[in-house]
Amino acid sequence: MNGVEAFLLGRALMKIGEQAMPQPKSGPTGSVRSVVVVLGDVVSHPGTTVGEIAARTGLPQSQVSTSVARLEQAGSVDTEPDPADRRRRLIRPAAEPSARVAEVRATTIDDALAAALAGPGGTAPAPETVREVTAALDLLARTLTPSVTAR
């Protein structure tokens with residue numbers, strides 16, 4: 001695999017993840033990509049600020065602010081004033097996961113993966129193929145997720 005293939009695989013996996021993500025029953029809907037990127041950064045860097053997240057992720061500060069607001073509304077993060085600069089807020093993962101967080105964590109990618117693996121005309125993938133791909137994804141998740149690669 002070369003760099004382009006790895007990049008395209010990453011994009012395909014992001015699309016599968018986005019398709020599997022349940023939409024909120026209330027509140028803003030739409031793309032979850034920036035929200036997930038921001039949440040991943042907050043988990044890796046608890047007690048961070050919007051500006052620091054923007055610098056690390058490359059997302060515009062306005063997009064980070066919007067994502068933080070969505071995450072706070074969903075109960076995924078908590079914010080508090082920064083004691084060093086009361087104009088800024090410190091962001092950390094919520095101490096207790098909300099119902100929305102539990103719903104997202106409980107939702108599997110099974111249907112979205114099966115759709116991505118479907119053959120011509122939407123024919124269902126072979127069960128063996130689904131098992132092999134799932135095993136490969138499990139291995140990748142155990143070895144390449146942000147919490148593992150941050151070490």
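Excluded from the calculations below are hydrogen atoms, water molecules and symmetry mates; all remaining heavy atoms, backbone and side chain alike, are included.
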Using salt bridge (Lys or Arg N to Asp or Glu O under 4.0 Å), reason through Arg92 and Asp78 one step at a time and then give a plain yes or no.
CA-CA 6 Å; Arg92 61 182 32 84; Asp78 294 324; over 6 Å; no

For Pro46 and Ser44, the nearest pair of non-hydrogen atoms, with its separation, is CD-C, 3.6 Å

Trace of the side-chain contact (heavy atoms from CB on, under 4.5 Å) decision for Val68 with Val35
CA-CA 7 Å; Val68 168; Val35 175; over 6 Å; no

Could you give the distance from [atom1] ([X]) to [atom2] ([Y]), rounded to the nearest 0.5 Å?
X      : Y      : atom1 : atom2 : answer
Glu103 : Met21  : CD    : CE    : 10.5 Å
Gln61  : Thr66  : CD    : OG1   : 11.0 Å
Ile16  : Asp110 : CD1   : CG    : 11.5 Å
Ile91  : Asp82  : CD1   : CG    : 10.0 Å
Ser65  : Arg70  : OG    : CZ    : 13.5 Å
Thr108 : Leu113 : OG1   : CG    : 9.5 Å

CD of Glu96: more than 12 outside heavy atoms within 6.0 angstrom?
no

Please report the C-alpha distance between His45 and Glu52 in whole Å, then the side-chain angles of each, then the deciding distance to 0.1 Å, and finally whether the side-chain contact (heavy atoms from CB on, under 4.5 Å) criterion is met.
CA-CA 9 Å; His45 304 92; Glu52 292 166 344; over 6 Å; no

Heavy atoms, side chains only, cut-off 4.5 Å: are [X] and [Y] in contact?
X      : Y      : answer
Leu71  : Val42  : no
Ser76  : Pro93  : no
Ile53  : Val37  : no
Leu39  : Val77  : yes
Asp41  : Val64  : no
Val133 : Pro125 : no
Pro22  : Val104 : yes

Exam field: side chain Ser67 to backbone Val38, donor-acceptor pair closer than 3.5 Å:
no

Looking at Asn2, is its backbone amide N or carbonyl O close enough to the side chain of Glu5 to form a donor-acceptor pair, meaning the two atoms are under 3.5 Å apart?
yes

Connected via hydrophobic side-chain network under 4.5 Å: [X] and [Y]:
X      : Y      : value
Leu13  : Met1   : yes
Leu137 : Leu8   : no
Leu9   : Leu144 : yes

